[in-house]
Number of protein chains: 2
Amino acid sequence: MSKKEQLLVIAEDMVRSGGYNSVSFRTLAESAGIKSASVHYHFPTKADLGAALAERYTENFLSSLGTPKALQASGKNPIDVFISLFRHALSVDKKMCLCGMLGAEFDGLPEKVRIATRVFFNKNIEWLTLAFQSVSRRDELEARKAATSLIAQLEGALLISVALEDEAIFETAIKNRSNTQ
Amino acid sequence: MSKKEQLLVIAEDMVRSGGYNSVSFRTLAESAGIKSASVHYHFPTKADLGAALAERYTENFLSSLGTPKALQASGKNPIDVFISLFRHALSVDKKMCLCGMLGAEFDGLPEKVRIATRVFFNKNIEWLTLAFQSVSRRDELEARKAATSLIAQLEGALLISVALEDEAIFETAIKNRSNTQ
DNA sequence: GTCTATAATTTGATAGAC
DNA sequence: GTCTATCAAATTATAGAC
């Protein structure tokens, strides 16, 4: 793993724990075993780092998912697969979704980071819209509404589970939903 | 309004926009027309300020609600009243719920602020549990699950609406829910 | 790519006068 | 309650050597 990628991994954890402003180039550099000036070589400004974090998170998220069609072809429910990625954020990482955190802090973020954060949500709503259409043949508008609702529910379930340090809350919040298919 | 309360009002807005770490005693003091040293008179440390913010927010929230029984007695659905308070945060303030923001940043907060944040959620879950019991006579455990689910859904709906700057998303996310009563 | 050195600013916080 | 003055530490960022 390149040093740049190491920095992204560490910084992601920091943002997901305490938010964008909880990351400093110095503490990030220390955790990576280099000096803060070297971090600036990889990411000229903090906004560049923030945007790179959101972009990398989005790429990783979408590539973990695959396509709704491929999932369905292999006998899996794409909606369940999507939910399980959020469950992973909680049960393994014990942290917020990176873009959920950035979304909450949206108004206080540099433009560059805001844009990259929004891409995460737009692309995932797009993915889920396709998924809802393919599992239940509803029209595009209804599928998009279900997609947006589900993402909101998942981000909220993560947030409350993190704040109350209770993973069971996530399951409760997901079971009680109206859009299983 | 006392200066201390002024500070709380301004700081609340700041946290709700950019998170706990986006508030500095200097910018807060400037907005209130005093010096940062004077802010320390009212709130010795930043953790004291953060805890006071969460406590005040919780008190205001609960007193705006009244009791589920009183609401029902006056012909209102307490669940709808609860939802409308979250709607207000979005449509009027155009901001996250204060404790939703603090909940997301939970791991990065001072102990004092964490505790006060949790009180918000616990008290509101308590309130909603009573509300669900009184409108639909379900048993306490099921009512509590519905309560937790609803809060998660509302925080998530706020988060996504803020991030995508689209108030309609909040309504979509709330309409598609399974726990209307 | 990483370092040292450094600049300019900001931060949370304190002491003591008024 | 608010101020001035001040502090030590931290912050983002740059210049230039290796």
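Chain letters run A, B, ... following the sequence lines, proteins first and then strands; every chain starts at 1.
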N or O in side chain of Ser38(A) less than 4.0 angstrom from dG1(C) OP1/OP2: no

Contact under 4.0 Å: Tyr41(B) side-chain N or O vs dG1(D) OP1/OP2: yes

SB check Glu140(B) Arg144(B) (cutoff 4.0 Å): yes

Heavy-atom protein contacts under 4.0 Å, nucleotides 12-18 of chain D, coded B base, S sugar-phosphate only, - none: BBB----

Test: Glu12(A) and Arg16(A) ion pair at under 4.0 Å: yes

Separation of atom CG in Leu28(B) from atom C1' in dG12(C), rounded to whole Å: 13 Å

Arg114(A)/Glu111(A) salt bridge by N-O under 4.0 Å criterion: yes

Salt-bridge contact Lys35(B)-Glu30(B) (side-chain N to carboxylate O under 4.0 Å): no

Spacing between Glu30(A) atom CD and dA9(D) atom C1', to the nearest angstrom: 13 Å

Contact list for residues 157-167 of chain A, test side-chain hydrogen bond (donor to acceptor under 3.5 Å, both in side chains), sequence neighbours left out: Lys94(A)-Glu167(A), Glu165(A)-Arg118(B)

Of the listed nucleotides dT2(D), dG1(C), dC3(C), the one nearest the side chain of Lys35(A): dC3(C)

Listed partners of Glu5(A) passing salt bridge (charged side-chain N to carboxylate O under 4.0 Å, His left out), at least two apart: none

